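Values reported hereafter were calculated over all heavy atoms of this structure, with side chains retained and with hydrogens, waters and symmetry mates removed. Quick caveat: nothing in here was measured; it's all calculated off a predicted structure.
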Amino acid sequence: MTLKNLVLAAGKAKPELSVLIPPGKNKVLLRILGKPILYYPLTSIQRVNRGETILVYREGEEEVVETANSISLGTITPIKQVVGTSVREAILVAENKLRDTDYFFLVYGDIIVDPEAFNLLLSTHYREEPDATILIAPYDPEYAETYGLAIINEEGYVEKIISGEQAREADQTYIVGGIYILPTTILDYLEENNTLPEAINKLAMNGKVKTVLWNKLWIDIGYPTDILEATYQLLSELKHSKISNKAEIESTTIIKGPVIIEDNTYIDHYSVIKGPAYIGEKVFIGAHSFIREYSDAEYRVRIGSYNEIKKSNIQPYTLLDSKVTIVDSIIGENCTIGTNTTILNVLPEKEKPPRLRTHLVHPPTKIIRKMGAVIGYNTRIGASTTISPGKIIKQESIIKPKTLI
């Protein structure tokens, strides 16, 4: 059996997430723990299958290809997508490169899954020899309608994939998880204008489509809070510290818990880093700052003195002036946050942004719903600004000092 890899990295972001994506980039280039999102699915699939890797990217987003080449474990064959936004259209862009293989291993470029899932999918496919094998995952019923739901029989074979209104009313909530081993014959169904779920249904009607249930790490980066969740989950797996010998850390700095501190980073006196946390390359952390658990400061982020950061992701080249408090937030690339700025994170009881994380607190029956802010790239926020919970600030905004948002 011949098997090629197909990675789809041309998808367009939802409006909530697009404020974080500068022109010419794609959501797969947003960074988590020092790596672009694309790194996680691309290298996971390549570790399992060393066959040719085809990367579908969108015209005008050539940086996706450059980045893929820099992180790839093998040769990349880039295919440019000019028109269309559906998964079906993205697959068909690569049709000519797929027709000479028996199967293709498909993964979406914005899916973060434990690499073990790829191994399990491939070994199941080899062992049981179905016509296709797909990953499914349990999911929150409230959001399941945005994915295809797999209705499966007792042996784990697909009876039907449903979506939209049908999915909303279904009893099963095993979503199709964005990783597939598909026969090239499915291209014929796609050419007949069937969506990918419709094409898989035709495969299931005429043969066998096996499912592999995955209960561990699985995150689809569709909303800003998915970045926070991915940061949280990946840092949760950190068991030991990894501190570069090229980092400069002053003697009075306190580091507690597992942390990653990359090359050429400087941490000033009396700062506290409480892991798990990620401090990227060439980051500056000023004196008396408190970087709390599940924080991620990416390449060349500058954090002034007396800052507090918790459960947040800060994209590259962003500057935080002194006495800034950031919690449960995502800060876009190349932002400047003025001194004394505070982002609040406890939402009013009746307010609920999409994909909100909830946190059980003491007493255990009480739930506090938290979400800080999403600040778009190239934004400038004036000093002494207070930002209410759940706010999304558009890219390239200029906020005057002493503003209440």
Side-chain angles (χ1 to χ4, degrees), residues 7 9 17 20-22 25-47 63-73 109-115 217 219 221 224-249 253 255 257-267 271 273-285 289 291-303 307 309-320 326 329-335 375 377:
V7 180
L17 191 62
L20 297 170
I21 305 169
K25 295 194 175 184
N26 184 286
K27 61 179 175 178
V28 301
L29 300 184
L30 292 170
R31 300 183 76 84
I32 301 173
L33 272 61
K35 301 287 193 306
I37 291 168
L38 179 62
Y39 168 86
Y40 298 96
L42 174 62
T43 58
S44 292
I45 200 171
Q46 288 179 322
R47 286 191 178 96
E63 191 173 335
V64 171
V65 179
E66 295 171 14
T67 301
N69 282 325
S70 70
I71 59 178
S72 175
L73 304 178
D110 57 356
I111 298 284
I112 295 178
V113 187
D114 192 318
L217 174 65
I219 301 172
I221 305 295
T225 45
D226 296 324
I227 293 177
L228 290 183
E229 185 64 21
T231 302
Y232 177 88
Q233 294 290 347
L234 292 172
L235 281 173
S236 295
E237 295 179 353
L238 188 62
K239 304 304 178 190
H240 305 287
S241 290
K242 180 184 174 186
I243 301 175
S244 168
N245 56 16
K246 296 180 181 177
E248 185 177 355
I249 302 171
T253 295
I255 297 175
V259 298
I260 296 174
I261 299 176
E262 301 281 19
D263 292 351
N264 302 311
T265 278
Y266 175 75
I267 304 177
S271 292
I273 314 295
K274 187 176 181 181
Y278 175 82
I279 312 296
E281 187 180 354
K282 296 185 178 179
V283 169
F284 174 91
I285 298 177
S289 284
I291 312 301
R292 301 177 65 183
E293 58 269 33
Y294 305 107
S295 296
D296 178 342
E298 292 290 335
Y299 182 73
R300 282 191 180 276
V301 165
R302 295 184 64 81
I303 299 170
N307 279 263
I309 300 169
K310 181 182 179 185
K311 290 185 178 176
S312 295
N313 180 297
I314 304 173
Q315 292 292 302
Y317 302 105
T318 278
L319 165 66
L320 310 182
I326 292 177
S329 299
I330 308 106
I331 314 299
E333 182 176 314
N334 197 38
C335 291
I375 298 179
Y377 64 85

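Here the CG-CG distance, from L17 to L30, works out to 6.0 Å after rounding to the nearest 0.5 Å. Here the straight-line distance linking atom CG of L238 with atom OH of Y278 works out to 11.0 Å at 0.5 Å rounding. Annotation: the span from C335 atom SG to Q315 atom CD amounts to 9.5 Å, rounded to 0.5 Å. The OG1 atom of T253 lies 6.0 Å from the CD1 atom of I267; values are rounded to the nearest 0.5 Å. Within the model, atoms CD1 of I21 and CG of N26 stand 6.5 Å from one another, a figure rounded to the nearest 0.5 Å. Considering CD1 of I273 and CD1 of I309, their distance stands at 8.5 Å, rounded to 0.5 Å.
For the pair P224 and I330, the tightest heavy-atom approach, listed with the atom from each and the gap, is O-CD1, 3.3 Å. The heavy-atom pair separating A247 from I261 by the smallest distance is CB-CG2, 3.9 Å. Nearest heavy-atom pair across K310 and S295 is CA-OG, 3.4 Å. The minimum heavy-atom distance linking G109 with P41 is given by the pair O-CG, 3.5 Å. Between L38 and A68, the shortest heavy-atom distance links the atoms CD2-CB, 3.9 Å.
Of the listed residues (L234, L235, L228), just one forms a side-chain contact (heavy atoms from CB on, under 4.5 Å) with I32, and that residue is L234.
Checked by atom type and distance alone, the side chain of S44 never pairs as donor or acceptor with a backbone atom of L42 at under 3.5 Å. Remark: the backbone N or O of T67 is paired with a side-chain donor or acceptor of S70 at under 3.5 angstrom. Using a distance-only test at 3.5 Å, with no hydrogens or angles considered, a donor-acceptor pair links the side chain of S236 to the main chain of Y232. Remark: side-chain polar atoms of T318 are paired, donor with acceptor, to backbone N or O of N334 under 3.5 angstrom.
In this structure, the side-chain contact (heavy atoms from CB on, under 4.5 Å) partners of Y39, at least two apart in sequence or on a different chain, are K35, P36, T43, R47, I71. Listed by chain and number, the residues in a salt bridge (charged side-chain N to carboxylate O under 4.0 Å, His left out) with R31 are E298 (sequence neighbours excluded). Applying the salt bridge (charged side-chain N to carboxylate O under 4.0 Å, His left out) criterion to E237, with sequence neighbours excluded, gives no partner residue. With sequence neighbours left out, P22 forms a side-chain contact (heavy atoms from CB on, under 4.5 Å) with K25, E333, Y377. Contacts of R292 classified as salt bridge (charged side-chain N to carboxylate O under 4.0 Å, His left out), with partners at least two apart in sequence or in another chain: E308. With sequence neighbours left out, N307 forms a side-chain contact (heavy atoms from CB on, under 4.5 Å) with S289, I303, L320, V324. The ring pair (Phe, Tyr, Trp, His ring centres under 6.0 Å) search around Y40 returns none, not counting sequence neighbours. Under the side-chain hydrogen bond (donor to acceptor under 3.5 Å, both in side chains) criterion, Q233 pairs with E229, sequence neighbours left out. T231 is linked by a side-chain hydrogen bond (donor to acceptor under 3.5 Å, both in side chains) to N313, counting only residues two or more places apart in sequence or in another chain. Under the rule for a side-chain hydrogen bond (donor to acceptor under 3.5 Å, both in side chains), the partners of S72 that lie at least two apart in sequence or sit in another chain are Q46. Remark: S244 engages D263 in a side-chain hydrogen bond (donor to acceptor under 3.5 Å, both in side chains) (not counting sequence neighbours). Residues that satisfy the side-chain contact (heavy atoms from CB on, under 4.5 Å) test with E248, not counting sequence neighbours, are E250, Y266.
With contacts defined as side-chain heavy-atom distances shorter than 4.5 Å, the pair I279/D296 does not qualify. Counting heavy atoms from C-beta on, the side chains of K239 and P258 never come closer than 4.5 Å. Contact of the I227 side chain with the L20 side chain is registered, since non-hydrogen atoms from C-beta on lie closer than 4.5 Å. When side chains are defined from C-beta on, I255 counts as touching I249, because their heavy atoms get closer than 4.5 Å. In this structure, L29 and E63 have side chains that are in contact, with non-hydrogen atoms separated by less than 4.5 Å.
R300 forms no cation-pi arrangement with Y317, by the criterion of a distance under 6.0 Å to the ring centre and an angle within 45° of the ring axis.
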Apply the test side-chain contact (heavy atoms from CB on, under 4.5 Å) to residues V259 and I243: give CA-CA distance (whole Å), side-chain angles for both, the deciding distance (0.1 Å), then the verdict. CA-CA 7 Å; V259 298; I243 301 175; 4.1 Å; yes

